[in-house]
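One structure below.
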Protein chains: 4
Amino acid sequence: MPDKPPAARRGRPLDLDARRRCLELAAGALQERGYAGLTMNELARQAGVSKKSLYTWWPNKAAIVVEALVAMAEMPPLPDLGNTEAELRALFAIIRRTASTSELPLAVTALNDPASRTAVSRTYIERLVGARRELSRALVQRGVDRGDLPAGTDIDTLLDMWNGLAAYRLLRGVALPDHVVDQLIVMALNGNVPLLP
Amino acid sequence: MPDKPPAARRGRPLDLDARRRCLELAAGALQERGYAGLTMNELARQAGVSKKSLYTWWPNKAAIVVEALVAMAEMPPLPDLGNTEAELRALFAIIRRTASTSELPLAVTALNDPASRTAVSRTYIERLVGARRELSRALVQRGVDRGDLPAGTDIDTLLDMWNGLAAYRLLRGVALPDHVVDQLIVMALNGNVPLLP
Amino acid sequence: MPDKPPAARRGRPLDLDARRRCLELAAGALQERGYAGLTMNELARQAGVSKKSLYTWWPNKAAIVVEALVAMAEMPPLPDLGNTEAELRALFAIIRRTASTSELPLAVTALNDPASRTAVSRTYIERLVGARRELSRALVQRGVDRGDLPAGTDIDTLLDMWNGLAAYRLLRGVALPDHVVDQLIVMALNGNVPLLP
Amino acid sequence: MPDKPPAARRGRPLDLDARRRCLELAAGALQERGYAGLTMNELARQAGVSKKSLYTWWPNKAAIVVEALVAMAEMPPLPDLGNTEAELRALFAIIRRTASTSELPLAVTALNDPASRTAVSRTYIERLVGARRELSRALVQRGVDRGDLPAGTDIDTLLDMWNGLAAYRLLRGVALPDHVVDQLIVMALNGNVPLLP
DNA sequence: CTGTAACCGAGACGGTACGTCTTGTCTTCAG
DNA sequence: CTGAAGACAAGACGTACCGTCTCGGTTACAG
């Protein structure tokens, strides 16, 4: 008997539909009213779900928030445009869009909620930042492979710098103008990027 | 007599001493126990101050936190070492130290507390981020004046990029290794910096 | 099946035990420390109950106080002694005891607390004063039935007069001497009582 | 030197006008909004007086309230109508009016305010109840002197009973109907009153 | 006519109760 | 066994009020 149905489950099955509904409602509330503006009571009520279930599915509020953010952060793979400059431009579009949502402040707030200490481990952050990171890294790697970027480019540092710049500007409430983006791309294509040691 | 003192205040004067005491206690509690770990009840009790006074001086908890962070962010002017590379190295030391304290998460949390929306205006952020910014800008400007950095250097973008990189790494829980700092300094001294349009 | 049990309650049931515990603690605190000396914070703490629960069960402090007083005011039915004079004497013993406790001032204070205006309705007073009234009325009625008191005796007015006399004396800080009680009883047995119109 | 002018006062004299203004405002607020509805802050503001002055003139809130009630309780001497029944009827008019104001509940509340324990002594009650008592007693005494009431009438008990009846009815929220008043007067004129021992 | 002593309005302050809110747990009943 | 309904403990938040205090200014009598 190669593989029996996973565990011969008994009783009422998990309501995966309701679970997803919660994440969507949470995502909406987070963007509209922020971290503190999302309350578990209301989330349960609106999702037609019991608080018991919420706390069965996630250990605490911070965990729901992080998972909702992870879901929001999902993005389609960046297509190979055959042109490194065009691809970098597409990458910056995503960086700016991400920074313009309040995703980062929300993540910081969730991760500094004392409740999260117990259960929301670093793995969540890995998933949150990491989700996009892999795709972004692949894009930059293509530039390196094409020879448009230096062979030893420190891709992670480069991406952290670009994302960090956008995020920091967001914190300051200042926009990231086009000409800055243009310049960063030109600099990169000219080989002015951090290199691996 | 051109203008007499503003309004000849009546009534008992503000107890500025107690006000400052609150900020110091708040700063300590924030570093030790985080945003949620600081409670107004205890702060009032420890400072020997009534809650009424707290809420007279600041509109809500977030406002106290931001002001305490502003006070924490004050730093001595960066001395002129006569050597741009040494100065940049000193600047990065501060950037790393700042990113490794909990200051940034606290600020983000406070500024995203819905209570702060009403009263804690953008000016607080200006003060918070701006306090250090002026000093950092002056340091970089000295490098430009000495001719060690390009004449048209976009100092703000450069600083946002460096600070953002450090902060983003902090969020990811990854350290910023020395060789990366070395490389960024070398790049800057080679003139590879964003320029004003 | 004409009507099934009202709604087949769902969710955790009310903790009636804790509710009763609160009333008892409140009664004790009222007698020892008065209306202002009873605080909701402490009551919650001592009863091992959350403030939320207190305010779920009662709309405000005054409501708890009134209900505690109602519980205190409960008294055993006055036994039929077969002798009207002896029964009236027993009634006066209760009247005096009631007037000498702090029950009346507490009730007046609670019912004049502006918080009570909204929620503590007249029904509370009915219950508070009415609890004892029924028993007292029954006692006097027995005297009427025996023919020891006039047939048309206005029992309510008679009881209000006697209770009012004792209460008024309490307010003035003057005792109600035995001979006055004796005389009132004699007057009543001689038929000198207010009559229904 | 038999008696020198009291103390040869120096400095600014007491502002008796403002003091009286406070009492009037307090009386109004008490009747409209009750004991807790009268706040010292507002009283000071409305009277154009500083809180400092309020607490110079009276030791605490209860003291102001009691003094305001005493002022409210003042009544013109009851004229000799030459007719005991008419006079008793006038007396009952006053008793009813007094009971219909919330004077008694207010007095009870004030005297049970823990703050009053220190400073508002029994003498205040004497003044409050006593002010009217003397006048009422004189009126009843005239009836005794005329021979319309028994020689040994216990006037104090009689008045406490009548006042207490009206007050108790007020507490119960029930009116005192005319026919009851008529009957009490008839009973008294028939000699059915408590007698001194 | 000037000094000085007592008074005054304004209002900030310490202390503390009130009533509301939210998180995370627990209990019951229904599917 | 899972899920909805919702009561519960704990405790923070922001508001209100009392009685005290400190300030600068005002009014009277004294020299």
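Naming convention: chains lettered A, B, ... in sequence-line order (proteins, then strands); numbering from 1 in each chain.
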Do the side-chain N or O atoms of Tyr55(D) get closer than 4.0 angstrom to the phosphate oxygens (OP1, OP2) of dT20(F)?
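Negative; the distance criterion is not met.
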Would you indicate, yes or no, if dC13(E) has its OP1 or OP2 atom less than 4.0 angstrom from a side-chain nitrogen or oxygen of Trp57(B)?
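Yes, within the criterion.
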Nearest to side-chain heavy atoms of Ser50(B), which nucleotide of dG19(F), dG15(E), dC13(F):
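So the nucleotide nearest the side chain must be dG15(E).
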Among the nucleotides dG14(F), dA7(F), dG19(F), which one has an atom lying closest to any side-chain atom of Leu14(C)?
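Output: dA7(F).
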Please figure out whether Asp15(C) or Leu38(B) has its closest DNA chain F nucleotide nearer the 5' end.
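Its nearest nucleotide lies further toward 5', so the answer is Asp15(C).
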Roughly how far, to the nearest 0.5 Å, is the [atom2] atom of [Y] from the [atom1] atom of [X]?
X: Arg20(B); Y: Trp57(B); atom1: CZ; atom2: CH2; value: 11.0 Å
X: Glu67(A); Y: Leu23(A); atom1: CD; atom2: CG; value: 5.0 Å
X: Ile64(B); Y: Arg19(B); atom1: CD1; atom2: CZ; value: 9.0 Å

I need the minimum non-hydrogen distance between Pro105(D) and Val108(C), along with the two atoms involved.
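Where Pro105(D) meets Val108(C) most closely, the heavy atoms are CA-CG1, 3.5 Å.
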Take the protein atom [atom1] of [X] and the nucleotide atom [atom2] of [N], then report the distance between them rounded to whole Å.
X: Leu54(B); N: dA12(F); atom1: CG; atom2: P; result: 14 Å
X: Lys61(B); N: dG11(F); atom1: NZ; atom2: P; result: 15 Å
X: Ile64(B); N: dG14(F); atom1: CD1; atom2: P; result: 9 Å
X: Asn41(D); N: dG9(E); atom1: CG; atom2: C1'; result: 14 Å
X: Lys52(D); N: dT22(F); atom1: NZ; atom2: C1'; result: 8 Å
X: Glu42(C); N: dT16(E); atom1: CD; atom2: C1'; result: 12 Å
X: Arg12(B); N: dG25(F); atom1: CZ; atom2: C1'; result: 19 Å
X: Leu43(B); N: dG14(E); atom1: CG; atom2: P; result: 12 Å

Check if the side chain of Lys51(A) and the base of dG24(E) share a donor-acceptor pair of N or O atoms closer than 3.5 Å.
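Yes, a donor-acceptor pair under 3.5 Å.
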Arg21(C)/Glu24(C) under salt bridge (Lys or Arg N to Asp or Glu O under 4.0 Å): CA gap, chis, key distance, verdict:
CA-CA 5 Å; Arg21(C) 206 162 55 239; Glu24(C) 283 166 11; over 6 Å; no
Residue whose closest nucleotide on DNA chain E lies nearer the 5' end, Ser53(B) versus Leu16(D)
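Nearest-nucleotide comparison on DNA chain E picks Leu16(D).
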